Protein chains: 2
Amino acid sequence: MARTVKGPDARRERWKGHREQRRAEFVEATIAAVAKKGPDVGMEDVAAEAGVSKPVLYRHFTDKSDLYLAVGQRATELLMDRMGPALAADGPIRARIERIVDAYLSVIEENPNLYRFVVKGSFVDRPVEKDVVQEDKNLIATTLARILGDYLRAFDMDSGGAEPWAHALVGMVQNAGDWWLDRQTMSRENLSDYLATIIWHAIDGLLRSAGVQADPAKPLTPLRLVD
Amino acid sequence: MARTVKGPDARRERWKGHREQRRAEFVEATIAAVAKKGPDVGMEDVAAEAGVSKPVLYRHFTDKSDLYLAVGQRATELLMDRMGPALAADGPIRARIERIVDAYLSVIEENPNLYRFVVKGSFVDRPVEKDVVQEDKNLIATTLARILGDYLRAFDMDSGGAEPWAHALVGMVQNAGDWWLDRQTMSRENLSDYLATIIWHAIDGLLRSAGVQADPAKPLTPLRLVD
DNA sequence: CGGTAAGTGTTACTTGAGGTAACGGTTACT
DNA sequence: AGTAACCGTTACCTCAAGTAACACTTACCG
């Protein structure tokens with residue numbers, strides 16, 4: 001009896017990993033189906049792509065939006081794998097900005113279909129449910145707001161604007177990225193450079209207006225030149 | 001016989017204005033229905049809101065997306081009525097920027113439900129069809145790009161960045177607006193000011209980097225101080 | 001080994017919203 | 001009087017999401 005106390009039954013545990021794997025498998029199938037049949041695939045299509053019939057799908061996902069949510073989360077992973085390091089890395093400001101921007105652009109460049117599927121329409125059913133895209137944007141914006149706020153406070157400046165700033169930056173990069181993804185009229189490097197320039201100038205101007213002189217080639221450390 | 005030559009039949013003309021009016025009426029009903037029953041209203045709901053049964057709706061709109069498209073166009077009108085003048089007006093740069101931004105924010109502030117319905121999900125059916133939101137953003141961005149490009153050329157600067165700049169600005173204001181609309185943690189004035197400041201600094205930095213000194217309180221006219 | 005919990009899979013159904021058919025009434029131009 | 005354009009209805013069709021019911025497999029448990 002002593003050992004039954006811990007786990008009620010090992011049969012329940014046996015599949016733990018398997019279910020995860022299966023879900024992932026279906027997520028991949030969905031991505032493949034989207035690539036093949038456009039962004040408005042049905043559950044039947046997805047099931048077929050996975051070589052399976054609908055009810056099997058419904059054993060792993062409660063409904064369509066659950067599946068699509070999982071696809072969104074997979075996309076989030078892809079994005080964060082590259083954005084995370086870029087956001088965390090330190091270094092010369094200007095280069096740091098460009099790296100973050102370029103990390104984002106590289107992800108959407110490599111997964112345009114997935115990106116469009118997740119971001120643009122498609123997520124047919126989700127009234128007020130979880131919106132992965134919104135969450136990602138908020139996550140990134142929050143991180144940026146923290147970074148910006150820290151610096152502003154370090155310079156003894158009002159940090160109240162950090163949040164709108166952060167959301168503005170996120171929207172800026174996203175929309176420019178959308179535009180670029182549709183009509184690719186310039187290289188990614190070029191766009192990263194343009195965007196980083198805009199952002200750097202905006203930051204520089206903000207600091208200047210508070211009497212701070214920053215060097216784009218140096219890490220952003222408090223260094224007040226004017227008082 | 002002479003007069004029948006001109007118009008095939010006056011009966012066809014009789015309704016011309018009427019149909020327009022009726023469509024507008026249904027568009028209003030849709031907006032009302034959305035306000036009442038959330039963003040995922042069905043055709044039945046809309047028809048009921050208009051005090052009519054489904055087939056009547058389908059005499060005026062080919063399908064759901066046609067109706068929603070019309071709603072989008074109505075929203076575009078509301079937006080452009082205010083953005084147009086702001087974009088066209090001349091004046092001190094900094095103030096001009098702020099006016100444009102504030103025009104946008106005022107519209108979404110006054111029609112939050114309509115805004116969310118049109119922009120966020122909901123437009124359930126429209127695979128690759130007309131996307132009103134995208135069109136509006138492109139229209140505004142194109143206008144901005146023209147303005148920016150003209151100025152850059154006037155200063156003998158490279159105007160190749162005008163387009164990405166424009167799209168970046170549009171995304172910036174939109175996303176900051178979204179954020180603000182959800183959690184209204186600051187006044188509209190305040191946000192307009194923040195955003196205008198960012199934009200002004202970015203422009204100023206761009207000009208500086210080309211050796212041009214601009215005065216935010218003056219209209220943006222070519223005036224090279226450094227060469 | 002028999003029992004059973006979890007998972008594999010199928011076909012055939014129900015449901016609900018988008019959209020249509022078919023019918024009848026009204027107005028006012030010709 | 002005839003008819004072109006609308007108004008409006010109820011009852012239906014269609015198609016994709018989601019479910020019911022049924023049958024087979026694996027492997028832990030006692």
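Predicted, not measured: the structure shown is a model, and the values here were computed from it. Protein chains get the first letters and strands the later ones, always in sequence-line order, with residue 1 at the start of each.
A salt bridge links B/Asp66 with B/Arg23: the closest approach of a Lys/Arg side-chain nitrogen to an acidic carboxylate oxygen falls below 4.0 angstrom. Looking at B/Asp102 and B/Arg82, no side-chain N of the basic residue comes within less than 4.0 Å of a carboxylate O on the acidic one, giving no salt bridge.
Among residue pairs with one or both ends in residues 160-188 of chain B, those qualifying as ring pair (Phe, Tyr, Trp, His ring centres under 6.0 Å) are A/His167-B/Trp179, A/Trp179-B/His167; sequence neighbours excluded.
With sequence neighbours excluded, no residue satisfies salt bridge (Lys or Arg N to Asp or Glu O under 4.0 Å) with B/Asp136. Partners of A/Arg94 by salt bridge (Lys or Arg N to Asp or Glu O under 4.0 Å), not counting sequence neighbours, listed by chain and number: A/Glu98, A/Asp193.
Taking atom CG of A/Asp63 as the reference point, atom C1' of C/dT15 lies 15 Å away to the nearest angstrom.
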Which atom pairs, one a donor and one an acceptor, fall under 3.5 Å between side chains of residues 140-149 of chain B and the rest of the protein, sequence neighbours left out?
from, atom 1, to, atom 2, distance (Å)
B/Thr142, OG1, B/Asn138, O, 2.6
B/Thr143, OG1, B/Leu139, O, 2.9

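The listed nucleotides are D/dA17, C/dG18, C/dT11; the one nearest the side chain of B/Tyr58 is C/dG18. Closest to the side chain of A/Arg22, out of C/dG19, C/dA21, C/dT8, is C/dT8. Closest approach to the A/Pro55 side chain among D/dG8, C/dG19, C/dT10 is made by C/dT10 (side chain taken as heavy atoms from C-beta onward). Which of D/dT19, C/dG7, C/dG9 sits closest to the side chain of A/Arg19 comes down to C/dG7.
For DNA chain D, the residues of residues 41-51 of chain A within the heavy-atom distance limit of 4.0 Å (strictly under) are A/Gly42, A/Met43, sorted by number. Within residues 27-38 of chain B, no residue has a heavy atom under 4.0 Å from DNA chain D.
In the interface, the side chain of B/Arg59 is paired with the base of D/dG8 through a donor and an acceptor atom under 3.5 Å apart. A donor and an acceptor atom never sit less than 3.5 Å apart when one is taken from the side chain of B/Lys64 and the other from the base of C/dG19.
One finds no side-chain N or O of B/His60 lying less than 4.0 angstrom from the OP1 or OP2 phosphate oxygen of D/dC6.
Atom-to-atom distance recorded for B/Arg188:CZ and B/Leu181:CG is 12.0 Å, nearest 0.5 angstrom.
Taking a 6.0 Å sphere around CD of A/Gln134, one finds it holds more than 12 heavy atoms contributed by other residues, nucleotides or ligands.
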